[in-house]
Amino acid sequence: MSADERGFFGQIKDKLIRSKEKTAAEGRHLTGRQDLSRENRLPPGQHRVEKWPVLDLGIQPQISTGSWSLAIDGAVANPVTWDWQTFLDQPQQSFLSDIHCVTTWSRYDNRWEGVSARHILEVVKPLPEARHVIFHAYDGYTTNLRLSMFDDENVLIAHSWEGRPLTAEHGAPARAIVPSWYFWKSAKWIKRIEFSEVDKPGFWEERGYHNDGDPWTEQRYG
Ligand SMILES: Nc1nc2c(c(=O)[nH]1)N[C@H]1C(S)=C(S)[C@@H](COP(=O)(O)O)O[C@H]1N2
Ligand SMILES: [Mo]
């Protein structure tokens, strides 16, 4: 680890430990609809990989933490824009989840660190009419979720994977992780989380992918 990385993890370590203790005290072993202890964790039509593939639109934006910001706005009572330091100042959590990509690979036991969707909801307070969440990314990519999909205990905006900062190709400085749905819902290089009354199908949803994307019922296309 570089000196920069050590400084970065030093900053968030105490907070991570505190939130881990809280999670353990609440007995939250299952993350959302993903039961990592179950024997069959492989959804139909998927195969398991060890290495983490990279998928993008042919652009990998290079966003420094100094120029990064995350706007969380739309149908909310308290819109915010977080710069990098403010993002790290939020409660930090560590989550374990499986990745299921619609192109048929799955990767088990990914350790993520970042800020939970539940915390974001507490901060911005969606208005009663908010029903959808749209992620916007620095490469122009968008993807849509129902608010109930975002409001899941395993959803987070991650800055780290397996104890290291995310690499640029995997969405640095920060990306969404929505593990109960196919991985195209997990926007890399995230810059805006928009709450909306109306649905706004995203890049792949407009190009034939399913509007939801449940790997267990193979909501791949259409
Ligand atoms: N901003 C952005 N996010 C994105 C994509 C993208 O092209 N741009 N591709 C999606 C798709 S289709 C997949 S499978 C995953 C791939 O993430 P990975 O490259 O980290 O494996 O990112 C998703 N998030
Ligand atoms: Mo994908």
Side-chain angles (χ1 to χ4, degrees), residues 34 41-65 67-72 82 84 87 95-115 117 120 132-146 149-150 152 154-194 200-222:
Q34 282 199 323
R41 289 159 61 178
L42 197 62
Q46 296 292 109
H47 69 277
R48 201 177 161 187
V49 299
E50 298 294 333
K51 278 197 180 159
W52 185 10
V54 174
L55 287 100
D56 54 52
L57 304 175
I59 322 159
Q60 296 180 349
Q62 308 286 318
I63 314 294
S64 68
T65 54
S67 61
W68 179 87
S69 69
L70 177 63
I72 314 175
W82 288 338
W84 185 248
F87 174 61
F95 290 175
L96 191 69
S97 61
D98 295 348
I99 298 172
H100 305 300
C101 176
V102 71
T103 61
T104 77
W105 58 270
S106 292
R107 192 180 185 285
Y108 291 177
D109 290 327
N110 298 274
R111 172 65 60 188
W112 308 106
E113 272 133 35
V115 174
I120 290 171
H132 303 274
V133 177
I134 323 299
F135 294 142
H136 299 259
Y138 279 96
D139 60 344
Y141 186 82
T142 60
T143 188
N144 57 321
L145 305 173
R146 282 178 282 109
M149 295 157 73
F150 182 76
D152 198 345
N154 60 10
V155 174
L156 79 160
I157 304 304
H159 50 65
S160 299
W161 175 78
E162 301 297 323
R164 311 287 298 254
L166 283 173
T167 56
E169 58 184 11
H170 286 301
R175 71 176 297 164
I177 297 295
V178 191
S180 298
W181 306 88
Y182 282 125
F183 208 38
W184 84 76
K185 295 290 183 187
S186 295
K188 306 197 275 191
W189 310 292
I190 194 163
K191 68 171 182 187
R192 180 179 176 214
I193 303 173
E194 176 192 4
K200 298 181 185 178
F203 184 88
W204 286 120
E205 292 84 2
E206 281 201 315
R207 288 167 176 78
Y209 281 23
H210 196 280
N211 203 49
D212 289 345
D214 175 13
W216 294 96
T217 57
E218 291 200 74
Q219 293 178 332
R220 296 175 189 274
Y221 308 104

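Every number for a ligand or one of its atoms is a count from 1 in the order of the listing.
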Chemist: How far is atom 21 (O) of ligand 1 from the closest protein heavy atom, and which atom is that?
Modeler: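 Atom 21 (O) of ligand 1 sits closest to the protein heavy atom P53 O, 2.7 Å.
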Chemist: Would you please say whether a donor-acceptor pair under 3.5 Å links the side chains of Q60 and W189?
Modeler: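 Side chains of Q60 and W189: no pair found under 3.5 Å.
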Chemist: Using 30° and 60° as the class limits, which term best fits the ring planes of W52 and W161: parallel, tilted or perpendicular?
Modeler: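 Judged by the thresholds at 30° and 60°, the geometry between W52 and W161 is tilted.
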Chemist: When you compare the side chains of S106 and D98, does any donor N or O come within less than 3.5 Å of an acceptor on the partner?
Modeler: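 The answer is no; no qualifying pair exists.
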Chemist: Any atom of ligand 1 sitting under 4.0 Å from a heavy atom of W105?
Modeler: yes
Chemist: For Y138, which part has a heavy atom under 4.0 Å from ligand 1: side chain, backbone, both, or neither?
Modeler: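 Neither; nothing of Y138 gets under 4.0 Å from ligand 1.
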Chemist: Please indicate whether any nitrogen or oxygen in L55 is less than 3.5 Å from any nitrogen or oxygen in ligand 1.
Modeler: yes
Chemist: Tell me, which protein residue and heavy-atom name are nearest atom 19 (O) of ligand 1, and how many Å apart are they?
Modeler: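 Of every protein heavy atom, K188 NZ, 2.5 Å lies nearest to atom 19 (O) of ligand 1.
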Chemist: Applying a strict 4.0 Å limit to heavy atoms, is K185 in contact with ligand 1?
Modeler: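 No.
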Chemist: For the 3.5 Å polar cut-off, considering only N or O atoms, please tell me whether W204 and ligand 1 meet it.
Modeler: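 Not met; the criterion fails.
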Chemist: For the pair D212 and K185, find out whether any cationic side-chain nitrogen is under 4.0 Å from an anionic carboxylate oxygen.
Modeler: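 A salt bridge is absent here (no side-chain N lies under 4.0 Å from a carboxylate O).
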Chemist: Looking only at protein heavy atoms, which one is nearest to atom 24 (N) of ligand 1, and how far off is it?
Modeler: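 For atom 24 (N) of ligand 1, the nearest protein heavy atom is S186 O, 3.0 Å.
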Chemist: Considering only protein heavy atoms, which is closest to atom 8 (N) of ligand 1, and at what distance to one decimal place?
Modeler: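 That would be D139 OD2, 2.7 Å.
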Chemist: Hey, is L57 touching ligand 1 through its side chain, its backbone, both or neither, going by heavy atoms under 4.0 Å?
Modeler: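 For L57, backbone and side-chain atoms both sit under 4.0 Å from ligand 1.
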Chemist: Counting heavy atoms only, which of Y141, F135, F203, Y182 is nearest atom 10 (C) of ligand 1?
Modeler: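 Among Y141, F135, F203, Y182, the closest heavy atom to atom 10 (C) of ligand 1 belongs to Y141.
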Chemist: Using the six-membered ring wherever Trp is involved, compare the ring planes of W84 and F87 and label them parallel, tilted or perpendicular (cut-offs 30° and 60°).
Modeler: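 Because their plane-to-plane angle lies in the 30° to 60° range, the rings of W84 and F87 count as tilted.
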Chemist: Counting heavy atoms only, which of Q60, R175, E169, K191 is nearest atom 20 (O) of ligand 1?
Modeler: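 Heavy atom nearest to atom 20 (O) of ligand 1 belongs to R175.
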Chemist: Just wondering, do D152 and N154 contact through their side chains at under 4.5 Å, heavy atoms?
Modeler: yes
Chemist: If the threshold is 4.0 Å, N to carboxylate O, is there a salt bridge linking R164 and E162?
Modeler: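 The answer is no: the pair does not qualify as a salt bridge.
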Chemist: If we set the cut-off at 4.0 Å for heavy atoms, which region of W189 has an atom near ligand 1: side chain, backbone, both, or neither?
Modeler: side chain
Chemist: Donor-acceptor pair, distance only, cut-off 3.5 Å: does the side chain of W68 make one with the backbone of I190?
Modeler: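 The answer is yes, because a donor-acceptor pair under 3.5 Å joins these two groups.
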Chemist: Under 4.0 angstrom from ligand 1, any heavy atom of A187?
Modeler: yes
